[in-house]
Amino acid sequence: MEPLYKPQGIEELWQQTWEEEGLYAADPDPSRESFVIAHPPPNVTGDLHMGHALQLSLADALVRWQRMKGRNVLFQPGFDHAGIATQNAVEQHLALEGKTRQDLGREAFVERVWEWLHEYGGKIMLQFRRIGASLDYRRERFTMDDAYVRAVMRFFVHLYRKGWIYRANRIINWCPFHQTSLSDLEVVHEQRDDALTYARYPLADGSGHVTIATVRPATMLADVAVAVHPEDERYRELIGKEAIVPFAERRVPIVADARVEMGFGTGALKVTPGHDPMDYEIGRDHDLPELTVIGPDGRMNDEAGELVGLTQAEADERVLAWLKERGQLEKRETHRHSVALCARCERRIEPLISLQWWCRMDELARPAIEALREGRVRFHPESQHRFALRSLEEAPDWNISRQIWWGHQLPVWTCPDGHITVEETDPDACAECGSTELAREQDVLDTWFSAALWPFATLGWPEDTPDLRAFYPGDMNTTARDIIRLWENRMIFAGLELMGDLPFRDVVIHSTVNAADGGRMSKSLGTGLDPMETILHQGADATRYGLLKMSSAQDVRFSYGAIEEGRKLTNKLWNVSRLILANVGGARPEARPRALEERWILARLEATREELERDLASFDFARCVDRLYHLTFDDFCDWYAEAIKPRLYDGDEDARATALAALERLLKLLHPVTPHVTEEIWTNLPARSTRLIVAPWPEPDAAYADAPAGLDRVQEAAEIFRRSGVRVPLEDEERRIFEAVAKPERVASNGDADAEIERLRGEIVRAQQMLANERFVQNAPAKVVEAERDKLARYRRELDALSG
RNA sequence: GGGCGCAUAGCUCAGCGGGAGAGCGCCCGCUUCACACGCGGGAGGUCCCUGGUUCGAUCCCAGGUGCGCCCACCA
């Protein structure tokens, strides 16, 4: 064993060994209680980023802990087909050849996606392995697997037959590039500068005009009204009159609607239900027609008359020229506002009215809402639970159709008479008229529609499989905040609806790791940090440790120091193991706590075990790694190892046997966080037959719980000695340890007895004052008062010792 | 416009009603036979501001300021 621990090579070796020896494998076993995490499937084309790495570190710590505790662990891996993301990636790739997906046609394009995936997809699972995530990689699933597709079809048909799926014209977010609708959650907003045009709409009775403000003059062609606020004094007279829309020269009513903001622009709004979500709402409430002048390609359509085929920018110019010519262009000013962009291609969203498939949410969400209210499933932290619940309660109907090519095509067929047939597999004939001329719906399902089935479709549902019976329901799931509504909530209601049970009990919402400057980590901004880099340099163990340390707050800045701390921990552990292993002779691990420091370290290990279990059970990973650090550095290395060194060298059999036993225990406690270095040291322990990964987690043990007060006294004595140079009286046993660890010859000169005496006197006065305060003594908890009395006694003792 | 979170040492963060902490960085001293990626010592802080509750507030409450994130239909 080299003095410097080098994770490179060792980590890969163990990852390979664990997997090859089947130690990640999960098989149904009715005799054992299961522990199941269906890990969030990354995009099939994705690369490991910090979010994944944090998520894996967290889940794997739990998984390894539970595996050691004897649970039958299933840690489920797999990929999501990620409809738009993947299609976008392949389209970008095609663009290099100067081709579009339309050039290929649907069938050839989908074929191309599969080819592309075989070449570039799935690489992320190698990175999952490299961080040491103990997933059962044999069970890798893909949302486009044949079996999974059947599950998706079953889900759709199930919802359809319940009458919860319907088709309707609504205004939706349309991406002109991807030529698809997007859910609100797939749209991002960005601040942009636009020109705000003030245009005059003449009143039909010739009594003047009303001026509106717009950033999209071209949409005037689809205006069907002008709206003002009902309480706006300026326009009260105008309500009920008619205005003439420029360019279109159409008479439209002037209506009153409270959604108009009086303070914005002129306080008068052009109403364009076909091309603006709020106008759409206003239009519906006022029974206004819905005109559409922009087509799915983002250009002006047939309804735009002479402007047909123009881009919106061109059409804007034409309308502006028209206004200017007639003196109806009042002014233009710069206006900064947020615009909707496609989350994938960052092109502007076109709000369009379009025929889409929807899933009603009221009945589907109800059992999920109940489950959250009753706490049968819990989001952590609590604030996110409230958010998840509110999101379910307010969930609007779900737009489940997408007009892209890569995904699960809707299992809906239409005959020439327009009858609709919905079946899981290709039907032979129309269910209504028997026609055999059936055309399948072109739309595919929202990616999250299939993802909602992940916890059970991966286990073989809708078949009744042994896997499903053994591993459903699962235990926990973990994601980032923004996935709560997209995925977590949907898994919950899908599980309740289809399986009759919750997919998990706990959802851990982990922190977002930001770049070191506090901004978002983003590949395109170059602020992204690649976890594979830190794995390569500091090791997977150090990376896991560091990320867990960063997992506490809602948002944290990436801290290189946290990873470095993890690396130092592995190195420290490595070296203290060297010390013990080089000096135990032929001893076998056995707790023979004869000496004070032995009873003490065993008690510390036992106390920490208990604390760690509490931390892990409450998903407080940051506290957990903090404890492990102090246990290893302060307790195990600084005190215990220093104290027993002389006895190890002397060949004291009790010290040797106990040191091995203590080290074993330390390795077990550390394994969930730093699996590789602990397993490596474990194999160097004498007479090991099992791997640490499956070694039993320490049970509560009374023999380890005996915490002597003596060592604490030694520590105190050393503290006083260091500060003051004055020795305090110690028992012989205590003195032996004191001599081993206090190193008096090098610290005596630094002491300052007077300052220490001064400090102690101050403390004594303070404590006396507090104890003299009746209200304190009466009102403070008994424990606090007692602690204060203890302190006073201790300070007096120390002062006596000092002033001799 | 709503919702959530954060403000503690130069940096990253713990602590959260009675002594202000860790890691890194910095300064000083140590090639001590596990580890110089180490060991020992040290400097460094109106715990964001203002009020309130309390015998006592970094901690609880209210307001303010600054920052971050999420959501939302501002033309």
When all nucleic acid strands are considered with a 4.0 Å heavy-atom cut-off, which category describes [X]: base, sugar-phosphate, or nothing?
X: N571(A); value: sugar-phosphate
X: K568(A); value: sugar-phosphate
X: R390(A); value: sugar-phosphate
X: A213(A); value: base
X: Y5(A); value: nothing
X: K270(A); value: nothing

[N] and [M]: how far apart are their [atom1] atoms, nearest whole angstrom?
N: G52(B); M: A14(B); atom1: C1'; value: 28 Å
N: G38(B); M: U31(B); atom1: C1'; value: 11 Å
N: G5(B); M: A43(B); atom1: P; value: 38 Å
N: C60(B); M: G10(B); atom1: C1'; value: 31 Å
N: A9(B); M: A22(B); atom1: C1'; value: 11 Å
N: C49(B); M: C13(B); atom1: C1'; value: 23 Å
N: A57(B); M: G15(B); atom1: C1'; value: 14 Å
N: U8(B); M: G44(B); atom1: C1'; value: 14 Å

How about [X] and [Y]: do any of their side-chain heavy atoms sit closer than 4.5 Å?
X: L291(A); Y: L221(A); answer: no
X: L547(A); Y: M50(A); answer: yes
X: L269(A); Y: I282(A); answer: yes

Whole angstrom value for the distance that separates [atom2] of [N] from [atom1] of [X]:
X: L628(A); N: A22(B); atom1: CG; atom2: C1'; result: 15 Å
X: W639(A); N: G40(B); atom1: CH2; atom2: P; result: 10 Å
X: D257(A); N: C74(B); atom1: CG; atom2: P; result: 16 Å

Legend entry - Contacts of Y235(A) that satisfy ring pair (Phe, Tyr, Trp, His ring centres under 6.0 Å) - sequence neighbours left out: none
Inset, instruction - Sequence neighbours left out, what passes ring pair (Phe, Tyr, Trp, His ring centres under 6.0 Å) with H275(A)? Give chain and number order. - result: none
Please tell me if [X] has a side-chain N or O lying less than 4.0 Å from either OP1 or OP2 of [N].
X: Y649(A); N: A34(B); answer: yes
X: K572(A); N: C39(B); answer: yes
X: R481(A); N: C70(B); answer: no

Inset, instruction - Assess whether one donor atom and one acceptor atom, taken from the side chain of E2(A) and the base of A34(B), lie less than 3.5 Å apart. - result: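 Per atom types, no contact qualifies.
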Of the listed nucleotides [options], the one nearest the side chain of [X]:
X: D276(A); options: A75(B), A34(B), A72(B); answer: A75(B)
X: E261(A); options: A34(B), A72(B), C74(B); answer: C74(B)
X: V556(A); options: C35(B), A72(B), C13(B); answer: C13(B)
X: S383(A); options: A34(B), C4(B), A72(B); answer: C4(B)
X: R578(A); options: G23(B), C35(B), G15(B); answer: C35(B)
X: P3(A); options: U12(B), A34(B), C35(B); answer: C35(B)
X: S559(A); options: U12(B), A34(B), G5(B); answer: U12(B)
X: H630(A); options: A22(B), C35(B), G15(B); answer: A22(B)
X: F633(A); options: C39(B), C73(B), C70(B); answer: C39(B)

Legend entry - Salt bridge present between R216(A) and E350(A) (N-O < 4.0 angstrom):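 Looking at E350(A) together with R216(A), the answer is yes, because their closest N to O distance falls below 4.0 Å.
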Inset, instruction - Can you label the angle between the F633(A) ring and the Y629(A) ring as parallel, tilted or perpendicular, going by 30° and 60°? - result: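 Rings of F633(A) and Y629(A): parallel, as their planes differ by under 30°.
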Inset, instruction - Go through the structure and list residues passing side-chain contact (heavy atoms from CB on, under 4.5 Å) with A643(A), not counting sequence neighbours. - result: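 Result, side-chain contact (heavy atoms from CB on, under 4.5 Å) vs A643(A): E597(A), I737(A), V741(A).
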Inset, instruction - Identify, between V215(A) and G561(A), the residue whose nearest nucleotide on RNA chain B lies closer to the 5' end. - result: G561(A)
Inset, instruction - For E564(A) and for D620(A), find the nucleotide of RNA chain B with the closest heavy atom, then tell me which residue's nucleotide is more 5'. - result: D620(A)
Inset, instruction - Tell me, please, which residues at least two apart from T219(A) pass side chain to side chain donor-acceptor pair (under 3.5 Å). - result: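 Here the qualifying residues are K270(A).
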Inset, instruction - Only counting residues at least two apart or in another chain, list the ones meeting side chain to side chain donor-acceptor pair (under 3.5 Å) with D316(A). - result: none
Inset, instruction - Treating a pair as Watson-Crick (purine N1 to pyrimidine N3 plus N6-O4 or O6-N4) or G-U wobble (N1-O2 and O6-N3) with both distances under 3.5 Å, list the stems of 3 or more consecutive pairs that involve RNA chain B. - result: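 The stems are B:1-7 with B:65-71, B:10-13 with B:21-24, B:26-30 with B:38-42, B:48-52 with B:60-64.
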